Structures are given as structure tokens and as C-alpha cells.
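What follows is one structure encoded as C-alpha cells, with my remarks underneath.
It should be emphasised that the depicted structure is a prediction, and the values quoted were computed from it without experimental measurement. Each chain gets a letter, A, B and so on, in the order its sequence line appears, and its residues count up from 1.
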Number of protein chains: 2
Amino acid sequence: MSHVSSIFAALSDPCRLEIIETLMREGETPAGEICERFDISGPAVSRHLSVLHTAGLVNRKVAGKHRLYSVRPEAIRQVSDWTMDHREFWEASMNRIEAALREDAR
Amino acid sequence: MSHVSSIFAALSDPCRLEIIETLMREGETPAGEICERFDISGPAVSRHLSVLHTAGLVNRKVAGKHRLYSVRPEAIRQVSDWTMDHREFWEASMNRIEAALREDAR
DNA sequence: CCTTCATTTAACGAATCTGCTAAATGTTGT
DNA sequence: ACAACATTTAGCAGATTCGTTAAATGAAGG
């Protein structure tokens, strides 16, 4: 699996995406606090965290009985890099569409 | 499923990601030509194209016996937008990491 | 019409994902 | 050592995914 596609896979679950967004907003957070935010069981959240960790999206830090999770910025950057690699395509195309819209509006 | 997570889901398969990258590079392409590039069967590629279409990542245009596929730039832009929404997080964090590296190097 | 070409749909099996509950692990405080 | 707490692992059911081959669809040309 190409590396960026495995990052996409990790983000493809709505629950995992929300976990990542929460961690980016609030920084390092213990597993238990993440659990509280979701209606699913603790083990289910734990599994999601483990998927994210395996995919290299989060760091896990052991602190007493807690595990602190945080997003690895490089991972998000890889997504950004992927879009930037193709920026010429979508930016140019978007401009063409906008131009066509302006043309239509006249 | 939040919209961006369904885009991530569509891109989470290596074969689909490669299809999208090919289409971005080469523009509108008939299904048959896409098939030739992959070792999997025609029906398998057709299914991937249909997944991409359902997720809003590609346009399908009927041209005689051919179906021409092309990437919808807005879809890629949504990925870009998502990274940009969190840019402050990963950019700041990357800088912090870089600063730490520079600190270590001294 | 009938055939051929391009592509999709159907039907199926193997593998993977996601959730659950119950049990295990490891840590802290008594 | 023991009890309480935080989290993960095990084991299982149901849904989904991805590939295959065979059959269906639909346009183009003789």
C-alpha cells in the first residue's frame, strides 16, 4: 500500500477522522478523554487509536496509567504534500471552471 | 460519513489512488485505457471507477461506446482545504520540530 | 438484424473492518 | 498484597470490500 494511501485509509473512518481533528485542536490527550467524546465503547476507541498509531498518524506516550495520544504533524503534512504535488491540476482546473462561470454570467 | 472522510475512503485503495493520479496527469481517459494499466480484471477496475464516481471524485462522460473519466478538481480541492483548515497545527508543530533539530545540532 | 467492441452488472468467496462484551494487563494508592 | 482505575486484548457476529468469471447492456458497423 503506497504510504499516502494508507494515511487516507486511516482517515477514512469518520470516527478516526474526528479523533484526529480533536487531537489537532486540543493537543496531547489521554485515551479516556477521547472515549468520553464518542458513543462507541472504550475498546472500539482503543482499536481506532491503535489503527491510527500503526498508520503513523499518532504518537502514544505512556504516563502512569494513562496513554497520551497526539497527532504526528508529518503525517498530516504528507496529505498536504500530496495535494500540493497535484496542485497544478486542480488549481488550473478550478480556474478554468471559474472562468467558464464568469463567461456564463455575462 | 462526513464528506471529507468519504473522499479519504475513496482514495484509501492503492489502485484507486493510482487511477486518480493517472487521470490528473493525463486528463480525460476512457475506461479501457485505464484497465490496460492495471493487472486486475476489467470488472474490478470498473468497480473502482464506480466507487470513485459515487464518492464524487470523478466525472463520467458517455462518448459512443466509451466512457470517459476525469477527476473533479473540487474533490481534490476539498482534501487541500482540509489540510489547510489544520495548517496552523501541523505547520507550527513542524517548525517546533525543526527548531528542536537545529537546537540539537548546535 | 447480427456481430463486435466497450463497459457494466451479477453472483460468489475470501479477507478485512467495526462494533460489542468479557477478560487480561499494568499502575497507583492503601 | 489488594482494590481501583485506565486501557488494551480476545473472541465473536454482522457488514463491507475486493477480487474473480460469466452474463447482460448498449452503441457502431456491415
| query | How about A:E98: does its CD atom have over 12 heavy atoms from other parts shown lying under 6.0 Å from it? | reply | yes
| query | Does the ring centre of B:H86 sit less than 6.0 Å away from the ring centre of B:W82? | reply | yes
Write down the distance between [atom1] ([X]) and [atom2] ([N]), rounded to a whole number of angstrom.
| X | N | atom1 | atom2 | answer |
| --- | --- | --- | --- | --- |
| A:H53 | D:dT8 | NE2 | C1' | 13 Å |
| B:K61 | C:dT7 | NZ | P | 15 Å |
| A:I40 | C:dT18 | CD1 | C1' | 9 Å |
| A:D39 | C:dG19 | CG | P | 11 Å |
| A:L49 | D:dT8 | CG | P | 6 Å |
| A:F38 | C:dC20 | CZ | P | 13 Å |

| message | Within the 4.0 Å heavy-atom criterion, would you say A:Y69 contacts the bases, only the backbone, or no part of the nucleic acid? | response | sugar-phosphate
| request: For B:S50 and for A:H48, locate the closest nucleotide of DNA chain C by heavy-atom distance; then report the residue assigned to the nucleotide nearer the 5' terminus. | output: B:S50
Rounded distance (nearest 0.5 Å) linking atom [atom1] of [X] with atom [atom2] of [Y]:
| X | Y | atom1 | atom2 | value |
| --- | --- | --- | --- | --- |
| B:I40 | B:C35 | CD1 | SG | 8.0 Å |
| A:E91 | A:T83 | CD | OG1 | 10.0 Å |
| B:S70 | B:M24 | OG | CE | 12.0 Å |

| task | Pull out every residue in residues 19-35 of chain A that has a heavy atom closer than 4.0 Å to any atom of DNA chain C, ordered by number, or say none. | result | none
| said: With a 4.0 Å cutoff (strictly under), does any side-chain N or O of B:H66 reach OP1 or OP2 of C:dT7? | reply: yes
| message | With a 4.0 Å limit, can you tell me whether B:R47 has a side-chain N or O closer than that to the phosphate oxygens OP1/OP2 of C:dA10? | response | no
| request: Please check if the side chain of B:T29 supplies one atom and the backbone of B:G27 the other of a donor-acceptor pair under 3.5 Å. | output: yes
| task | Check for a donor-acceptor pair, side chain of B:S50 on one end and backbone N or O of B:S46 on the other, with a separation under 3.5 Å. | result | no
| query | With sequence neighbours excluded, what pairs up with A:Y69 under the ring-ring contact (aromatic ring centres under 6.0 Å, His included) test? | reply | none
| request: List the steps, then state whether side chain to side chain contact (heavy atoms under 4.5 Å, CB included) holds for A:R72 with B:W90. | output: CA-CA 8 Å; A:R72 291 186 54 215; B:W90 59 259; over 6 Å; no
| query | What string of B, S and - do you get for nucleotides 21-30 of chain D, 5' to 3', when a contact is any protein heavy atom under 4.0 Å? | reply | BB----SS--
| query | Side chain of B:R60: nearest nucleotide among C:dT18, D:dT20, C:dT8? | reply | C:dT8
